[in-house]
A.B. asks: 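Mind having a look at this structure? Questions to follow.
Basis for what follows: all heavy atoms, side chains included, without hydrogens, waters or symmetry-related copies. Here the structure is a predicted model, which is why all the values come from computation and not from measurement. Numbers here are sequence positions counted from 1.
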Amino acid sequence: MDTDGTQGGERRTPFAAGHVPRPAGPPGTQGLPPKPAHAPAPGTATGAAAGPAAQPVAGAVAGPTLADWLRVPRPDAGPGVWSYGHVPRAAQEPEVTPTRQLVSGALISLLAGLLLWSLLWNGYLGGFWLWPLYMFTPDSWAGTLPAVVASYIWYAIVAATLTIGFGRLGRWPELARRILGGRAAARTQAPPPRPVEPGGPDDPAAWTEVRAAGLLEAADRLGAEVRAGRMNDVDHVRIRRAWQTVRADPSRTRAFADAVRDKGAGACVHPSGARDLPVRAARHDLLARQVLLGTVQDGERNPYARRGSGLALDPTVLGTSLLAIGPSGAGKTSRLVRPVVESLALQALAGQAAVVVVASAGTALGPDAGYDVVVRVGDPDSVYDLDLYGGATDPDEAAMLLAEGFVGDLPGIDVRRAATALAQLLGPFRAAYGRFPAVPELRELVDRVPMALAALREALEAAGQQRMLRELDARERQHGAPADPGPALADRIALLDRPAFAGFFDTTGAGRPFSLRALEHPLRVRVDLPERGHADASRMLARLLLAQFNASAAARTDRTLFALLAFDDASHTLTPEAVRGIQRLRSANAGVLLTLRTLDDVPEALRTPLLGAVGCRMAFSGVTTWDGKRFAETWGTEWVETRDVTHRTVFADQPLTRAIHAFRKLVSGKAVTTDAVTVRQVERERWSASDLAHVVPPGHAVLSLTSVRGERAAPLLVRLGGQG
């Protein structure tokens with residue numbers, strides 16, 4: 001692979017590179033050459049769970065072809081509904097009559113119908129029912145064959161009318177469906193949505209929009225790629241997105257046509273050259289940008305319209321951010337974080353998203369080949385480094401980010417004062433040396449090492465930076481004052497000034513730092529934190545990354561890409577400013593995914609604001625009643641209909657009735673009672689703390705969703721597992 005990301009020595013046009021002005025390496029790595037693409041060869045299957053992306057190209061996995069997969073309708077059924085081939089259900093559950101009651105009603109109606117027919121036929125009710133026959137037959141027919149035929153036709157009409165009337169009264173059709181079983185019942189269900197007609201004007205596999213624009217050669221080439229099985233779902237979505245940019249800017253039409261003519265399904269490829277992930281662990285629908293998490297349980301706790309339907313996540317709900325609570329082993333990583341990150345990684349390959357996942361080293365979040373940038377903090381073999389300042393060039397902005405990450409979790413420290421103290425050091429250092437200080441240099445300045453301060457003063461005096469000298473003087477005057485954040489900052493910076501992090505957070509240009517300023521590019525990033533040996537430093541870096549993400553996502557000039565920051569464990573990561581930043585992400589086309597073992601890992605003052613800041617909340621099986629209480633309060637109450645049944649003993653006055661009751665009591669051993677049913681509307685919690693702690697089965701979770709458009713899905717009990 002050449003340094004521009006092309007294979008085989010081909011020269012990539014600016015359009016084929018994804019229209020992203022970028023250096024030789026992945027964006028945010030300061031011009032370093034990209035690592036070799038480890039993606040499989042285009043058009044190869046990538047595992048049993050690859051889905052329609054792999055099935056059309058290799059045929060190793062049984063399933064629909066890409067063309068058939070594209071033609072399946074995807075109705076918009078609300079937030080969280082797996083739209084691929086979704087069949088809507090009625091809003092209310094139909095009343096189910098017991099079979100015994102149906103049989104007795106059918107027999108009674110049959111006997112009543114036969115009795116009425118007998119009375120009519122034998123003349124006990126008179127001859128009024130024959131008047132229509134006499135009115136519409138001429139008198140000349142009397143005693144002739146036409147009169148006999150007309151009579152029997154009228155008898156058949158009357159009999160059919162009685163049969164239909166008493167049949168509906170006795171619910172004979174419903175009894176027949178109940179007896180015949182599944183096949184008859186299936187015929188009464190709503191038919192599945194009809195797929196798009198092949199070759200029609202709406203056929204997504206025919207590239208009719210490209211053909212209508214006059215690019216006949218490009219449309220023919222793309223259609224041939226689909227039919228030959230050389231195109232997968234990532235290719236289709238990526239090229240379709242590129243076509244949308246052509247419609248927005250017609251000047252790119254020539255570049256689009258040339259890229260399709262030369263590379264076919266490989267046109268407009270991601271800068272890494274990858275066209276798919278090495279392996280897929282979940283089921284994805286890139287056309288709807290969804291990942292299947294599981295199935296809504298078919299039980300009374302869920303609304304009837306959602307029972308049995310697939311539950312999926314997409315950027316429209318992830319844009320409101322998601323908080324998941326569950327103990328260790330509940331499946332937060334394997335059943336939530338990895339599928340979501342995998343979905344966003346596929347969308348990044350299609351030029352639709354950017355994803356950054358933060359986890360402890362060794363977490364099973366897919367192979368390294370599935371990411372463009374892998375930062376292993378504390379690992380000397382790590383190819384990429386982490387930019388401690390988040391790509392900021394303004395000292396005040398960099399100081400605010402550092403203060404939020406370093407001391408944002410300390411209740412007795414004012415973050416603004418800490419940011420001011422850091423800015424009084426970062427500004428002079430950058431003015432003197434043209435860069436921000438590395439960790440050892442920053443520690444020396446905060447600790448007021450005489451040699452470091454003297455050298456900085458000399459450099460500032462030589463450069464004539466009198467204003468920056470006043471900043472240093474102000475820091476010296478504030479040092480040691482009451483509520484001075486300097487000692488707390490020094491302690492936190494010392495956590496990063498360890499031998500394990502030697503060579504990391506370099507600011508001299510010798511390393512390969514990754515910056516979250518690269519969120520404007522379709523990137524796949526994983527940051528491995530040394531949680532096992534440096535827990536405090538890992539939590540501090542997690543806070544810093546969250547602060548940088550909030551700032552970078554809001555500062556993007558191009559927000560067409562959806563940006564997601566996922567934390568496999570967000571314990572001790574949230575601060576008041578971070579929670580406020582999460583609330584602002586939905587307007588920036590971005591979101592965060594936070595997982596916690598318990599809400600106790602969040603300061604008590606932030607628990608309620610955190611649940612209010614996120615739009616999607618998820619409680620895994622095994623949460624405590626303390627955590628369940630918070631979720632129950634957040635989800636609120638609803639009006640439900642309750643039935644109270646009161647059993648009352650029947651006391652008979654007549655001797656015969658008393659004898660019959662005594663006999664029944666002797667036979668059954670129970671007194672004769674009557675039931676009094678009281679129906680009421682009461683307000684109850686959707687999910688109580690006790691239910692969340694004890695009723696949710698293993699492998700399940702209760703999930704509520706909110707879309708960026710304001711649509712809401714009530715808490716649903718979901719059986720996790722996207723392969724169902």
A.B. asks: Is any NZ, NE, NH1 or NH2 atom of the basic residue among R512 and D387 found under 4.0 Å from an Asp or Glu carboxylate oxygen of the other?
C.D. replies: no
A.B. asks: Considering only heavy atoms from C-beta outward, does the side chain of V718 approach that of V702 to under 4.5 Å?
C.D. replies: no
A.B. asks: Taking atom types as modelled, is there a side-chain donor on Q352 or R241 under 3.5 Å from an acceptor on the other?
C.D. replies: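 Not at all, the side chains of Q352 and R241 share no donor-acceptor pair under 3.5 Å.
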A.B. asks: Measuring only between side-chain heavy atoms, which start at C-beta, is L565 closer than 4.5 Å to L593?
C.D. replies: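 No, side chains not in contact.
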A.B. asks: Please name all residues satisfying side chain to side chain contact (heavy atoms under 4.5 Å, CB included) with Q478, sequence neighbours left out, ordered by chain then number.
C.D. replies: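 Testing Q478 for side chain to side chain contact (heavy atoms under 4.5 Å, CB included), a comparison that skips the adjacent residues, returns Q424, R475.
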A.B. asks: Which pairs of donor and acceptor atoms, one on a side chain in residues 545-555, lie under 3.5 Å apart (sequence neighbours left out)?
C.D. replies:
residue, atom, partner, partner atom, Å
Q548, NE2, L388, O, 3.0
N550, ND2, L546, O, 3.4
S552, OG, Q548, O, 2.9

A.B. asks: So, D627 versus T598: side-chain donor-acceptor pair below 3.5 Å or not?
C.D. replies: yes
A.B. asks: Check whether any side-chain heavy atom of D409 lies under 4.5 Å from a side-chain heavy atom of R492, and answer yes or no.
C.D. replies: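 Yes, their side chains come closer than 4.5 Å.
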A.B. asks: Relative to Y371, does R526 satisfy both conditions: NZ or CZ under 6.0 angstrom from the six-membered ring centre, and within 45 degrees of the ring's axis?
C.D. replies: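 So R526 does make the cation-pi contact.
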A.B. asks: Would you sort out whether S360 and R532 count as a side-chain hydrogen bond (donor to acceptor under 3.5 Å, both in side chains), showing the intermediate values?
C.D. replies: CA-CA 8 Å; S360 60; R532 181 172 301 178; over 6 Å; no
A.B. asks: Does atom CZ of R556 have more than 12 heavy-atom neighbours, drawn from other residues, nucleotides or ligands, at distances under 6.0 Å?
C.D. replies: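 Correct, the count exceeds 12.
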A.B. asks: Would D497 and R443 pass as an ion pair if we require N to O under 4.0 Å?
C.D. replies: yes
A.B. asks: Partners of F436 by ring pair (Phe, Tyr, Trp, His ring centres under 6.0 Å), sequence neighbours excluded?
C.D. replies: Y389
A.B. asks: Determine whether the side chains of Q290 and H284 contain a donor N or O and an acceptor N or O closer than 3.5 Å.
C.D. replies: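 The criterion, which ignores hydrogens and geometry beyond distance, is not satisfied for H284 and Q290.
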A.B. asks: Taking R539 first and then D601, would you say they form a salt bridge - that is, a charged N and a carboxylate O separated by under 4.0 Å?
C.D. replies: no
A.B. asks: Using the side-chain hydrogen bond (donor to acceptor under 3.5 Å, both in side chains) criterion, which residues pair with E471? Sequence neighbours excluded.
C.D. replies: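 With sequence neighbours excluded, E471 shows a side-chain hydrogen bond (donor to acceptor under 3.5 Å, both in side chains) to no residue whatsoever.
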A.B. asks: Going by heavy atoms in the side chains, are L596 and S571 under 4.5 Å from each other?
C.D. replies: yes
A.B. asks: Taking only residues two or more places apart in sequence, or in another chain, which ones meet D568 in a side chain to side chain contact (heavy atoms under 4.5 Å, CB included)?
C.D. replies: T333, V337, A359, T363
A.B. asks: Suppose we screen for side chain to side chain contact (heavy atoms under 4.5 Å, CB included). Which residues come up paired with T557, at least two apart in sequence or across chains?
C.D. replies: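 Once residues adjacent in sequence are excluded, the partners of T557 under the side chain to side chain contact (heavy atoms under 4.5 Å, CB included) criterion are E520.
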A.B. asks: Tell me whether the count of non-hydrogen atoms from other residues, nucleotides or ligands lying under 6.0 Å of CZ in R597 goes above 12.
C.D. replies: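 Result for CZ/R597: open.
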A.B. asks: Check the side chains of R435 and T507 for a donor-acceptor pair under 3.5 angstrom, ignoring hydrogens and angles.
C.D. replies: yes
A.B. asks: If you look at every heavy atom in A403 and L422, which pair is closest and at what distance?
C.D. replies: N-CD1, 3.8 Å
A.B. asks: Report yes or no: do T608 and R630 form a side-chain donor-acceptor pair below 3.5 Å?
C.D. replies: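 Yes, R630 and T608 have a side-chain donor paired with an acceptor closer than 3.5 Å.
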